[in-house]
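Working notes, structure below.
So you know, we letter chains A, B, ... as the sequences are listed, proteins then strands, and number each from 1.
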Number of protein chains: 2
Amino acid sequence: MQQDPIELVLANIGRHITLTPEESRYFTDLLKPGHYARRAYLLREGEVCADFTFIAAGCMKSYLQDKNGKEHILTFAAPDWWIADIMSFITGRPGNLFIQAINDTQTLALSRRNQETLLREIPKFERCFRILTERAFAASQQRNIDSMSLSAVERLEKFRRQYPYLLPLLTDQEIASYIGVTPAFFSRMLKKHDLKGR
Amino acid sequence: MQQDPIELVLANIGRHITLTPEESRYFTDLLKPGHYARRAYLLREGEVCADFTFIAAGCMKSYLQDKNGKEHILTFAAPDWWIADIMSFITGRPGNLFIQAINDTQTLALSRRNQETLLREIPKFERCFRILTERAFAASQQRNIDSMSLSAVERLEKFRRQYPYLLPLLTDQEIASYIGVTPAFFSRMLKKHDLKGR
DNA sequence: CCTGCATCTTGACCTTGGTCAAGAACACAA
DNA sequence: TTGTGTTCTTGACCAAGGTCAAGATGCAGG
């Protein structure tokens, strides 16, 4: 059922640049496969995020804990997405994010070291990462826009429309955290607006 | 007093890649200088954002209007920064953002067309734009984090610490909009926490 | 089949910040 | 100096969403 992670990552890259078989090989040799059981951590607060990680199967979330210990989910990463604590990754300093598996997850990690090697040896990867970063930036920008201009209900409706395939994997708590409300308010919201049948 | 815009943009780029004089020339020939008077628009909602714009002097803001007509400021761009409606710029579709001059502003615009030419002719610019985009992404991510985990007062204090040089240019309304509160609440907040002397 | 832990729901009450409208302060233009 | 507009402040009231705690529901493991 599961597709080969290497095939998936090559398809992902192939959407942006064209590689020769040798280049593909060179690239995939720099990737380190990983497996994370449900709830296992890829990264914890205070650690340096050394890898740009491709999700081949499963699902991860990145979140932070505020000073009252409450968890705020920043992003979900479904298969075919990349995840990292970008701030820590580019500065090399310890970050504030946790990255955790939501269910069993297969990954391919590209370390900063290896990314540098890759970019030096095959410069067209610069283009590829520029495009990936542009998209991640646009998504992040849109999240800012939504949190400023939409109500909690609107954010929920948008989330459901945008990521229907994530819904079965997530608890209500996680969705609540992503859209920025408490579980208690989330529950009332579903009831009040009759949004229970996803 | 003012520095030459071309010098400034070359210094900006030079922080990430090294150019020969010919390459510098090729690059700067692709830039279109602009001047915007206070309150003039570089971009309006519904227009396609065709340019990646460098601010050489002055200051701009990008904002959106929500469906109640209220303005939410997404970013400020001071000298030595780039500004664009990234979503519209990368998709080529009409965007939702306004980009407006806060005071008299000198710009250098790199159109998407010219960017493509530049990247084709001098591939090391891929690297440069990857890095610029990574930073913009990290800043946007941080804004999401702050809006999720800080109170209005904390966001204000952080804003003042982070952008002291912007404060003299901005009205309280604009700062309020950026940190995500109304002018009325902003005023009360200053009083209550004795934050008036910037 | 029962236990134990997670998640979800609900009630009662609270806090943060919004709304609307009016007045005060300021700014600059004629 | 006197408008005229804009920004800032304030009062009275409101609404969205948070807090805390208790009970209900669901489900995996033994």
Please give, in whole Å, the distance from [N] [atom2] to [X] [atom1]?
X       : N       : atom1 : atom2 : result
I175(B) : dC8(D)  : CD1   : C1'   : 13 Å
R38(A)  : dG29(D) : CZ    : P     : 10 Å
H72(B)  : dG18(C) : NE2   : C1'   : 12 Å
D172(B) : dA25(C) : CG    : C1'   : 13 Å
F186(B) : dT9(D)  : CZ    : P     : 9 Å
K191(A) : dA24(D) : NZ    : P     : 14 Å
E174(B) : dT6(D)  : CD    : C1'   : 12 Å
E154(A) : dG17(D) : CD    : P     : 10 Å

Original post:
How long is the span from the CG atom in N96(A) to the CD atom in E47(A), to the nearest 0.5 Å?
Top reply: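 One finds 12.0 Å between CG of N96(A) and CD of E47(A).
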For [X], report the nucleic acid contact type (base, sugar-phosphate, nothing); a contact means any heavy atom under 4.0 Å.
X       : value
A152(B) : sugar-phosphate
K192(A) : nothing
R39(B)  : sugar-phosphate

Original post:
For dA6(C), does the glycosidic angle fall within 90° of 0 (syn) or outside that (anti)?
Top reply: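 The base of dA6(C) is oriented syn (glycosidic angle within 90° of 0).
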**OP:** Determine whether the aromatic ring centres of F76(A) and Y163(A) lie less than 6.0 Å apart.
**Re:** no
Original post:
Can the ring centroids of F129(B) and F52(B) be said to lie less than 6.0 angstrom from one another?
Top reply: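 That pair passes the under 6.0 Å test.
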Original post:
Do the side chain of R188(B) and the base of dG18(C) come within less than 3.5 angstrom through a donor-acceptor pair of N or O atoms?
Top reply: no
Checking contacts here: which listed nucleotide ([options]) is nearest the side-chain heavy atoms of [X]?
X       : options                   : result
F185(A) : dG18(D), dT7(C), dT10(D)  : dG18(D)
S187(B) : dT10(D), dT19(D), dT10(C) : dT10(D)
T182(B) : dG17(C), dT19(C), dT9(D)  : dT19(C)

**OP:** Report yes or no: is the cationic atom of R44(A) (NZ for Lys, CZ for Arg) under 6.0 Å from the centre of the six-membered ring of Y41(A), at an angle within 45° of the ring normal?
**Re:** yes
**OP:** Look through every strand shown and name the nucleotide pairing with dG3(D) as Watson-Crick or G-U wobble, where both distances are under 3.5 Å.
**Re:**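 dG3(D) is paired, partner dC28(C).
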Original post:
Counting only Watson-Crick or G-U wobble pairs whose two distances fall under 3.5 Å, which nucleotide matches dA6(C)?
Top reply: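 Pairing partner, where one exists within any strand: none, as none qualifies.
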**OP:** Side-chain contact test, heavy atoms from C-beta onward, threshold under 4.5 Å: evaluate it for Q115(B) versus R112(B) and give yes or no.
**Re:** yes
Subject >> N/O (side chain, K70(B)) to phosphate O (OP1/OP2, dT19(C)) under 4.0 Å >> reply: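 So the side-chain polar atoms of K70(B) do come within 4.0 Å of the phosphate oxygens OP1 or OP2 of dT19(C), strictly under.
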